[in-house]
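Report on the structure given below.
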Amino acid sequence: QLQVEESGGGLVQPGGSLTLSCTASGFPWDYHAITWFRQAPGKEREGVSCISYPSGDTNFADSVKGRFAISRDNTKNTVYLQMNNLKSEDTGVYYCAAGQTWCMGYPWYADLYNGWGQGTQVTVSS
């Protein structure tokens, strides 16, 4: 059974850093993507970053390129989202999702993903 769980959210000042973790297991496919989405108050959910297995390909939304990094530790079934130079507009609930898809192209459709975590709050504020 596919299980996905996020952790690591919190309150951080503008310009600060935060790392989110996504632990996923029970994949029924031989390839998949793990994608971070976020949803700010009053806004639609948007894709942030994606990493593929087994290729390791990554993709980032334009709004976070150069500031966020994504990586995975396959021995721990965990994907990490390193967020640097955080801005107030990065505030929102961050969700981790797993699906049988690729990160290349446009991986930001929520319907591509079968497993979702419960979300973790990230607040960027002074």
Side-chain angles (χ1 to χ4, degrees):
Q1 183 178 357
L2 181 61
Q3 294 184 321
V4 181
E5 184 175 6
E6 313 94 340
S7 63
L11 172 65
V12 62
Q13 293 186 341
S17 298
L18 199 62
T19 299
L20 305 182
S21 299
C22 172
T23 300
S25 61
F27 298 103
W29 324 289
D30 56 2
Y31 71 90
H32 62 262
I34 299 290
T35 296
W36 287 95
F37 290 82
R38 68 185 180 189
Q39 188 164 19
K43 294 188 177 181
E44 293 186 355
R45 189 173 299 188
E46 62 173 351
V48 175
S49 184
C50 179
I51 187 165
S52 295
Y53 175 87
S55 68
D57 292 335
T58 61
N59 201 343
F60 296 88
D62 289 342
S63 59
V64 306
K65 283 181 180 176
R67 300 189 298 121
F68 289 14
I70 191 169
S71 62
R72 67 185 301 154
D73 183 340
N74 293 326
T75 65
K76 297 181 179 179
N77 294 327
T78 300
V79 170
Y80 302 98
L81 184 68
Q82 174 68 43
M83 305 184 292
N84 301 314
N85 191 21
L86 283 161
K87 305 176 181 180
S88 58
E89 51 262 44
D90 295 317
T91 293
V93 179
Y94 282 68
Y95 299 91
C96 181
Q100 190 183 25
T101 187
W102 305 104
C103 289
M104 295 300 98
Y106 193 84
W108 315 126
Y109 292 113
D111 289 347
L112 293 172
Y113 301 91
N114 304 81
W116 291 81
Q118 78 288 351
T120 186
Q121 177 71 43
V122 173
T123 302
V124 184
S125 175
S126 55

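Side-chain atoms are counted along with the backbone in the values below, which use heavy atoms only and exclude waters and symmetry mates. Remember, predicted model here, so these are calculated numbers, not experimental data.
Between the side chain of S49 and the backbone N or O of N59 there is at least one donor-acceptor pair closer than 3.5 Å. A donor-acceptor contact shorter than 3.5 Å links the side chain of T78 to the backbone of K76.
Under the 4.5 Å side-chain contact rule for hydrophobic residues, M104 and I51 do not share a cluster. In terms of hydrophobic clustering, with Ile, Leu, Val, Met, Phe, Trp and Tyr side chains grouped at heavy-atom distances under 4.5 Å, L20 and F60 are assigned to a common cluster. Y80 and M83 are assigned to two separate hydrophobic clusters, defined by single-linkage of ILVMFWY side chains at heavy-atom distances under 4.5 Å. In this structure, Y113 is a member of the same hydrophobic cluster as W108, with clusters built from ILVMFWY side-chain heavy atoms closer than 4.5 Å.
Ring geometry, W116 versus F37: the interplanar angle falls from 30° to 60°, so the pair is classed tilted. Using cut-offs of 30° and 60° for the angle between ring planes, the W29 and H32 rings count as tilted.
No more than 12 heavy atoms of other residues, nucleotides or ligands sit less than 6.0 Å from atom OH of Y53. The neighbour count for E44 CD, taken as heavy atoms of other residues, nucleotides or ligands under 6.0 Å away, does not exceed 12. Remark: Y31 OH is packed, more than 12 non-hydrogen atoms of other residues, nucleotides or ligands lying under 6.0 Å away.
Put simply, OH on Y94 and CZ on R45 are 13.0 Å apart, with the number rounded to the nearest 0.5 Å. From L86, atom CG reaches atom OG1 of T123 across 11.0 Å, with rounding to the nearest 0.5 Å. A distance of 9.5 Å separates CD1 of I34 from CG of N77, quoted to the nearest 0.5 Å.
Between A33 and C103 the shortest heavy-atom distance is CB-SG, 3.9 Å. V4 and C22 get closest at one heavy-atom pair: CG1-SG, 3.7 Å. Closest approach of L18 to G10, counting heavy atoms only: CD2-N, 3.9 Å. Minimum heavy-atom separation, S17 to Q82: CB-NE2, 3.9 Å.
A side chain to side chain contact (heavy atoms under 4.5 Å, CB included) with R38 holds for exactly one of D90, V93, V122; it is D90.
Inter-residue side-chain proximity for Q121 and L11 is flagged as unmet; no heavy-atom pair is nearer than 4.5 Å.
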Is there a side chain to side chain contact (heavy atoms under 4.5 Å, CB included) between E6 and Y95? Walk through the geometry before answering. CA-CA 7 Å; E6 313 94 340; Y95 299 91; 3.9 Å; yes
